[in-house]
Amino acid sequence: MAEQNAVRIQDDLFEYVNGEWEKTATIPDDESSTGGFNDLARDVEKKMMGEFAAMAKGDTEVPDKYFAQAITLYKQALDFKTRDALGIKPVLPELAQIQSYPTLKDFSDHVGEIANALLAMPFGGGVSPDMKDTSKNAFEIAGMGTILPDTTYYQKDNPQAKQLLAVWEKMAREILAQTPLSAADQDLYIKDTLAYDAEIAKHVKSREEWADYPAMYNPTPTSEVAAQMGDFDFVGYLKATLPVVPDQIIVADPRFLKEFTQVFNAELYPRFMHWDYVLHLLGNTGILSNQLRLLGGTFSRAMTGSPEAPSQEKHAYRLANSHFSEPVGIYYGRKYFGEKAKKDVTEMVEDMIQTYKERLAGNEWLSQGTRDKAVVKLNKMVLKMGYPDHPKALYDRFNVDPDKSLFDNLNAYAKAAFDYNNAQLTQPVDRTEWNMPGHLVNASYDPQRNDITFPAAILQAPFYSLDQSRSENLGGIGAVIAHEVSHGFDNNGAKFDEFGNMKDWWTEADFAEFKKRTQAMIDEFDGLQTQGGTVNGKQIVSENIADDGGLAAALATAKKDSDADLKAFFLNWGRIWRQKSRPEYAKFILAIDVHAPNKLRANVQVQNQDDWYTTFNVQPTDKLYKAPADRVKIW
């Protein structure tokens, strides 16, 4: 039992609960971490891989036309005899097409055919709800991506970046050696790609900057955006890909647009073309031969520390699942998600929202007007529990052709998804769409829809079980539920109203106090040392606000029960964050994630809760003690 651990709970909740487990826990060779979410996800995957294999053999009936296509794709992905025979050939026509536009003028003159061939553009873009009127969609653009996970990696003399880019270069050279390029061109293409990547990193947002959602909303007249793109025919791109040319564009990364011509111009265009060639090839290795699949995953495994690639069977399942995740999730939910659990957890959500209303009523730092509007937002919050009723319309646009290659089918799928997304520009926002499939071990809050989603797969122990006490469940799924509700009032969610529209519904004084408390949360985590390095408090503040508010609301809900067991509550809170990671993954996830490392989620947040001290008699001499004046309390 974890409770037998020599570590005192007052000094380290995470270690007290998980220490014995951590000593013997083994990370699978094809993974980068284990524990908590990972273990549940692994169990779901194992279960669904069995389902896929049985359906592929004809031992189990395929439930519907969507799943049937997933099985066809699975069979093609698993047919390595055919894939190995084709080798690199399927991608060569696309690489040749990239080379067929030798100048920026050629590229701009043919922008429509290039875009519709799904080759790289000098920006990212897509259709999504308009933040200020989420009943309608808008077209948004951002900068290009970088090879390394974040712009912070590109700081001068970063040894980790040098090591990773050396791995990337070695991998890329081995793969490029299989193309028709001469040895001299292979060398040039690699050098140009790395140089262009370094240039991109100077002009795009960091993960910390992306964590500020409202800062992404910069509506700009289309003519002005086009003018800032110099010789690139942006309007031609819009005409070729969208049902109409919008009057305005939402610019998510305004600095990138302002500096666009520093990255994409006639002089740099050859580097862009070589960058496009190399990254397009590398991006497709996973659907080519097994040799290229294994080789093309080298860089990713170096970043996350996984010693081995997934097996062919797991790879085939993941490929099919990723393209048909919603139909697969619906099948999982219908088969494995019990109505009793659904009813129980739905009631827990309702309890949690009621607790929030009560806590708002007793809130001492918000004015009555702001509190009233917060309650309106809670009343309008939509719950999506388990799985959707039916797959989104995208799946009716696509058909896996058993007579075509895996490569061609996946290209057709990508084109269908691209066209589907673009077509939404003139359609009203469908608020019934889910942002997670039913078999994903996760949960979410969408500020632009004001909805919370709990896929069926997360409703398992230790998060939730009919065999656990209510106090344990509230320390697990209850805290997760309240966490998602809290996102409606984190530093991002607080700027959206009950319909998901970005709107200022706070008084000036209330928001000033909220910002002060938010800064306290940033300060509480900023600079803490973890296995992966130093924590950036600003990058993870929204999730920390949600953890803080979620834990407080779940505790308040638990205390309403006459038989509340707060020891069991806190123990399960520590248990759900159980995780053991490879050192490489710890560094990687710290750089890119908006969540705090799991150990800090377990240990820091309890120190903000007064009940932590009374439940375990935590004293000033204990490591998990924080003076009352220093305890961060937002919700």
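All heavy atoms count here, side chains included; hydrogens, waters and symmetry mates do not. Please read these numbers as outputs of a predicted model, since none were measured by experiment.
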Any salt bridge linking [X] with [Y]? Criterion: basic side-chain nitrogen under 4.0 Å from a carboxylate oxygen.
X: K373; Y: D497; value: no
X: R470; Y: D351; value: yes
X: K384; Y: D451; value: yes
X: K559; Y: D611; value: yes
X: R631; Y: D610; value: yes
X: R42; Y: E45; value: no
X: E347; Y: K343; value: yes
X: R8; Y: E15; value: no

Evaluate the ring planes of [X] and [Y], with Trp represented by its six-membered ring, and classify them as parallel (under 30°), tilted (30 to 60°) or perpendicular (over 60°).
X: W573; Y: W577; answer: perpendicular
X: H439; Y: Y332; answer: tilted
X: F514; Y: W635; answer: tilted
X: H483; Y: H487; answer: perpendicular

Tell me if the NZ atom of K205 is crowded by more than 12 foreign heavy atoms within 6.0 Å.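 Atom NZ in K205 is packed in, count exceeds 12.
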Whether over 12 other heavy atoms sit under 6.0 Å from K538 NZ: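 Result for NZ/K538: open.
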Would you say the ring centroid of F463 lies under 6.0 angstrom from that of F37?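 Yes, the ring of F463 comes within the 6.0 Å limit of the ring of F37, centre to centre.
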Between the side chain of E51 and the main-chain N/O of K47, is any donor-acceptor distance below 3.5 Å?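 A pair under 3.5 Å: no.
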Identify, with sequence neighbours excluded, every residue that meets salt bridge (Lys or Arg N to Asp or Glu O under 4.0 Å) alongside D565.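 By the salt bridge (Lys or Arg N to Asp or Glu O under 4.0 Å) rule, D565 matches no residue at all.
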Intermediate values then yes/no, side-chain hydrogen bond (donor to acceptor under 3.5 Å, both in side chains), Y331 and D64: CA-CA 9 Å; Y331 173 82; D64 55 47; over 6 Å; no
Using the rule given for side-chain hydrogen bond (donor to acceptor under 3.5 Å, both in side chains), can you reason through S206 versus T152, listing the C-alpha separation, both sets of side-chain angles and the distance that settles it, and then say yes or no? CA-CA 7 Å; S206 67; T152 54; over 6 Å; no
